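Everything on this sheet refers to the single structure shown next.
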Number of protein chains: 4
Amino acid sequence: MPQQPLHRRQPTPGNPRVQRTRNRVLTVARELLPRVGPTGLTYALLAERADVTRQTLYRHWPNRAALLFDLILEGPDLGNYPTPGSDVRTVATDWLKSLRDGISEPAIRTAVLAVTAQADHDADSAQALVRIGQDRHAALNKLLEPSGIQIDDAEFTLLYGPVLARLFLDRSHPTDEFIDTVVTQWLTTLEAQQRPATPNAS
Amino acid sequence: MPQQPLHRRQPTPGNPRVQRTRNRVLTVARELLPRVGPTGLTYALLAERADVTRQTLYRHWPNRAALLFDLILEGPDLGNYPTPGSDVRTVATDWLKSLRDGISEPAIRTAVLAVTAQADHDADSAQALVRIGQDRHAALNKLLEPSGIQIDDAEFTLLYGPVLARLFLDRSHPTDEFIDTVVTQWLTTLEAQQRPATPNAS
Amino acid sequence: MPQQPLHRRQPTPGNPRVQRTRNRVLTVARELLPRVGPTGLTYALLAERADVTRQTLYRHWPNRAALLFDLILEGPDLGNYPTPGSDVRTVATDWLKSLRDGISEPAIRTAVLAVTAQADHDADSAQALVRIGQDRHAALNKLLEPSGIQIDDAEFTLLYGPVLARLFLDRSHPTDEFIDTVVTQWLTTLEAQQRPATPNAS
Amino acid sequence: MPQQPLHRRQPTPGNPRVQRTRNRVLTVARELLPRVGPTGLTYALLAERADVTRQTLYRHWPNRAALLFDLILEGPDLGNYPTPGSDVRTVATDWLKSLRDGISEPAIRTAVLAVTAQADHDADSAQALVRIGQDRHAALNKLLEPSGIQIDDAEFTLLYGPVLARLFLDRSHPTDEFIDTVVTQWLTTLEAQQRPATPNAS
DNA sequence: TTATAAACGAGACGGTACGTCTTGTCTTATG
DNA sequence: CATAAGACAAGACGTACCGTCTCGTTTATAA
C-alpha cells in the first residue's frame, strides 16, 4: 500500500526562493509540454531540464494534475483582453476570439486536453475543469455588464461550444468568419430567449 | 529512436481464434476503461483481466491508440439509430440525441477523450479523430438526403459543438431541451446560408 | 542497435547501502549459480531471491558478464593460499592445488565456464578471461620469486592446462597424484628450457 | 509445469525430405553460429535463415543441445587426418595438430564451448562431452596401435590439456612449436611410466 | 495410381525474460 | 541539520524467444 510520505510539505508561497523555483519550473514546463506531449512531460524530464531535483517537484506539485492546473491558470496573459461594452455582438465576438487565442497557445491547449481527459476519473481534475469554465463564464458576464445582459449556463455553452469543438475535435482553426457565424446564430437564440413571449402569429 | 520491431504482424482477421481473442479483449476493455481511466488501462491489467498475454495484445493492437480506435468504432450499437427523413429539424434532433447517447456510454466517452488528448502529439490519434468526425458527418448527410440538404464542415461543427462541449467540458448532461435549442438556433443559420440573399418572404 | 540508456550510473561503491545490496546479491548469486546454471541465473530470479528489484541489479551490473566477473574475482578466499618458496616443485604443486580447489568451488566453476563460452562473441568476457589468466600467472611468478625462476606464457599453459582440462573437459577430479605427475613432467621441460644447450653434467 | 508435448516424434532419418531439411539447417547453423554466438543462435533466427519453420526445428532437435551435438559430431571433415604409425612422437604430434585444427573451426569451437558450459547442469551435455572425449581418446589409441603403446586417461589429458587450454582459456593459437614442446615433455612422462621400475641411481 | 502417413508451413498463443523507464519514498553524505 | 544526490521498490513499457498447439498443404512411400 502507498504509505504516507514522511516529509511532504508544500513550500511556503511567500519565500522568494520558492517563487523563483516555481516560476522556472513552470516556464520550462510550458516550453516542454507542447513538444513532448502530456504523457511525455515526466517529472524526470522536467527536473532535468529545469535543473531541479525531482524531489523538489514533488514538494511543489504532489501530482501532475496540480502542475497542469498551475500551467493553465497562470498562463501567460496574451494581453489582448476584450473590453467591456454595451454591444453584445462585439463583446461576445471579442471574448470568443480571446478564448480562441488563449487556448491556441500550445501549452495551454495540451494542458486543458490532458486535464479534460482525466476529469472522468480524477475528482480534482473534474473540479478544476468546472472551475475554469465558471471563471470564463463569469468573465464574460462581467464584460457584458454594460449591456445589461447576463448569460446563463446553456447560453454560455452554445457560445463557446462550437469554437472549442473546432479547435479540439475538428482540429482546425476557428477563423474570424466562423466566430462571426457562431455569434450571429447565438444572438438569434439569445434574443428569442430574452423575449421569450413573442407570440407572433403562426 | 525506436527501431522497427522484427516480428510484427497483425493477426489475420478471418481466423476464428483471432476473432474470439479480439472480442474477449474488447469486451473486457470496454468494461474496464471507465473504471480505471485511460491511463489506468494498461496492457498489463488488460492482459490479466482478459486472460490473455500482453504479447497477444501487442499482436492485435500495436499501441494503445489502436485499441481505443477499435473500442470507439466497434462500440455496442445502441440500436436507437435515427431514421432518414425530409424534415431537417427532426433528423438533426434525432441524430444529435443519438450522438449524445453514444458518447454517454462510459467506455466510448473515455476513449474519445483519451484519443483527443493524444491527438496533438500522435499522428495516428489525430488521423483517427478526424476520421471519426468525418464518419459522423457523412452519416448525418446520409440521413438528410431525403430533404435534399447537405451540411458542410462549419455547419456540422455548429451543430454538434455545443453538445460535446456540454458533455466533455461542462460535464453536464445535454438534455432534450438543450438539444432542441441547439437545433433551433442552428436552423436559423442554415436557412440564412441556404438562401443567402433571399430577402423576399415566402 | 541497442541505444544508450539515459540514466545509467554505477552506484558509488563507498555508500554503505550500496555495499549491503551488492554483497547480498553476490552471496545469493553464488548460492544460486551452481543450482540453476549460468543460463538459469536470470536477473528476474536473482532479483526475487535477493529481495531486490531487477532495476537494482542493472544499476550494479549492466550485464551478466559484469556480475560473473565480480563473482569470480571476489570469490570466497579459500584460505589455503600457497606460500612462496625457493623449491619450484613445491611451489608449483601448491599453486596448482590451490587453483584446483578454487575452481572446484561450484559457483566459480560455473562462472568461469560461462565467461569462457561467451568470450568468443563478447569482447568484455574475452578481456576479463585474459585478465583472470594474467592475474593467476602473476601470482605464480610472485610465489616463485624466492627461487629466482620466472615462468613465461607457454610454460604457464603447460602447467595449468592439464589440470583445467581434467576439470572442465574430462569432468573428473584432478587428484594430488595427477598434479604430481603434471608438475614432474612440467619440470623436465622447464629445466630443458632454463638450460637450453647445457649438455654437461652437474 | 511444462506439459508433455503431444505429437512429438523425431522425423525418420531415411526420408529424403528429412535429410534435405536436416542438412540445410545444419549448414546454415554452422555458418551462423560463429557469427552470432551460442546464445544468439536462436531457433527463431535459424528458422528464418534456413527457410524453415521453428516447428520443424523442434521436430528435428528437441533442444539446442541436440543441435549442437550434431554440429560437433558431423563437423565437416578437415581431410588432414593423421596416419597411424609406430613412431609415438610423430603420431602424437599429428594427432594434436589435427585436434587443434578441428577445434579451430569456428562453429565447432563455439559449439564445444557452449556444450562444456552447460555440462554441469545438463546431463545430456555432460554425457555428450564425455563421449566426444572418449571418441578422440579411442582414435588416438587406434593410431598408436602400430607402436604397441596405449594411452590411459591421465596421459591422454596430459597430452591434449595444454593445447585446449591455450585455445580456449589463453585464447591464443597453439603453434607447431608449442605442440612440439607439449609432445616432448609428454613423452618424458610416458617413458617414465612405461618403464616405471628404472631405479637408476640418484 | 491412389491412399495414407509423415513432414512441413503458417501462425496464434501462454509464458517468461529482457533492458529501459517513471514514480514515489527513503537514505546518506555534505555544505 | 537541511538539502542534493541518488539508491531503491514497484511496476509498466515494448520486444524477443520459447515451446506448444492448431490447421492446411505438400511429399513420399505403400497399397
Side-chain angles (χ1 to χ4, degrees), chain A residues 2-8 39-40 42-47 52-59 62-64, chain B residues 2-9 11-12 15-18 20-22 39-40 42-45 47 51-60 62-64, chain C residues 2-9 11-12 14-18 20-22 39-40 42-45 47 51-60 62-64, chain D residues 2-12 14-18 20-22 39-40 42-45 47 51-60 62-64:
Chain A
Q3 63 202 44
Q4 185 69 359
L6 287 180
H7 308 295
R8 177 88 71 68
T39 59
T42 66
Y43 271 29
L45 177 63
L46 187 51
V52 151
T53 317
R54 268 171 51 239
Q55 196 60 238
T56 301
L57 294 185
Y58 282 109
R59 263 193 293 268
N63 52 63
R64 209 156 347 179
Chain B
Q3 64 203 44
Q4 186 71 355
L6 259 66
H7 305 292
R8 175 106 67 73
R9 239 161 298 164
T12 53
N15 192 321
R17 190 147 67 128
V18 169
R20 227 167 354 186
T21 301
R22 179 189 162 83
T39 59
T42 64
Y43 270 28
L45 175 63
D51 260 322
V52 148
T53 317
R54 268 169 54 239
Q55 182 58 37
T56 297
L57 295 186
Y58 283 108
R59 258 192 297 265
H60 284 255
N63 52 64
R64 213 149 344 174
Chain C
Q3 65 202 40
Q4 184 72 357
L6 258 68
H7 306 292
R8 175 97 70 70
R9 238 161 299 166
T12 54
N15 192 319
R17 195 150 61 131
V18 170
R20 235 171 344 194
T21 300
R22 178 188 163 84
T39 59
T42 66
Y43 270 27
L45 177 63
D51 259 323
V52 147
T53 317
R54 269 168 55 240
Q55 182 58 39
T56 297
L57 296 185
Y58 281 108
R59 255 193 301 267
H60 284 256
N63 51 65
R64 212 144 350 168
Chain D
Q3 64 203 42
Q4 185 69 357
L6 288 179
H7 308 294
R8 178 88 73 68
R9 240 161 303 162
Q10 221 84 346
T12 55
N15 192 320
R17 192 148 65 130
V18 170
R20 232 171 345 189
T21 301
R22 179 188 162 83
T39 59
T42 66
Y43 270 26
L45 176 64
D51 260 322
V52 149
T53 318
R54 270 168 53 238
Q55 185 59 39
T56 297
L57 296 185
Y58 282 108
R59 264 191 291 262
H60 283 255
N63 51 64
R64 211 154 346 177

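A, B, ... follow the sequence lines: proteins, then strands. Residue 1 opens every chain. Keep in mind that what you see is a predicted model, and the values were worked out from it rather than measured.
In this model, the phosphate group of F/dG6 is not approached by any side-chain N or O of A/Thr53 to a distance below 4.0 Å at OP1 or OP2. Phosphate contact (OP1/OP2 of E/dA12, side-chain N/O of B/His60, threshold under 4.0 Å): absent. At E/dA12, none of the side-chain N or O atoms of B/Thr21 fall inside 4.0 Å of OP1 or OP2 (strictly under the cut-off). Applying the 4.0 Å criterion to OP1 and OP2 of F/dT3, one finds that A/Thr56 has every side-chain N and O outside that range. At the phosphate of F/dC13, OP1 or OP2 sits under 4.0 Å from a side-chain N or O atom of B/Arg64. Regarding contacts with the backbone of E/dG19, a side-chain N or O of C/Tyr58 is found under 4.0 angstrom from either OP1 or OP2. The shortest distance between the side-chain N/O atoms of B/Thr12 and the OP1/OP2 oxygens of E/dG11 is not below 4.0 Å.
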Protein N or O to nucleotides 27-31 of chain F N or O, pairs below 3.5 Å:
unit_1 : atom_1 : unit_2  : atom_2 : d
F/dA28 : OP1    : D/Arg20 : NH2    : 2.6

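A distance of 8.5 Å separates CD in D/Gln10 from NE2 in D/His60, rounded to the nearest 0.5 Å. Here B/Asn15 contributes atom CG and B/Arg22 contributes atom CZ; the two are 12.5 Å apart, rounded to the nearest 0.5 Å. Taking CG of D/Leu57 as the start and CG of D/Leu45 as the end, the distance is 10.5 Å to the nearest 0.5 Å.
Atom-to-atom, CZ of B/Arg59 to P of E/dA10 comes out at 17 Å; the value is rounded to the nearest Å. Here the P atom of nucleotide E/dA7 and the CD atom of D/Gln10 are 10 Å apart, to the nearest Å. The separation between C/Arg54 atom CZ and E/dC18 atom C1' is 7 Å, rounded to whole Å. Taking atom CG on D/Leu57 and atom P on F/dC17, their separation rounds to 13 Å, with Å as the unit. For the pair C/Asn63 CG and E/dT20 C1', the computed distance is 15 Å after rounding to whole Å.
No contact: D/Arg22 has no heavy atom under 4.0 Å from any strand. D/Asp51 comes within contact range of the sugar-phosphate backbone alone, with a heavy-atom separation under 4.0 Å but no base atom that close. B/Thr42 comes within 4.0 angstrom of the backbone, heavy atoms only, and of no base.
Candidate nucleotides F/dC8, E/dC18, E/dA7 were compared by shortest atom distance to the side chain of C/Tyr43, and E/dC18 ranks first.
If you find the closest nucleotide of DNA chain F to C/Val18 and to B/Ala44, the one lying nearer the 5' end belongs to C/Val18.
With sequence neighbours excluded, no residue satisfies side chain to side chain donor-acceptor pair (under 3.5 Å) with D/Thr21. In this structure, B/Arg64 has no salt bridge (Lys or Arg N to Asp or Glu O under 4.0 Å) partners at least two apart in sequence or on a different chain. In terms of the salt bridge (Lys or Arg N to Asp or Glu O under 4.0 Å) criterion, A/Arg54 has no residue partners (sequence neighbours excluded). Not a single side-chain contact (heavy atoms from CB on, under 4.5 Å) links B/Thr39 to another residue, sequence neighbours left out. In this view, D/Thr42 satisfies the side chain to side chain donor-acceptor pair (under 3.5 Å) rule with no residue, not counting sequence neighbours.
Counting distance only, with no hydrogens placed and no angle test, the side-chain atoms of C/Gln55 and the base atoms of F/dC8 include no donor-acceptor pair under 3.5 Å.
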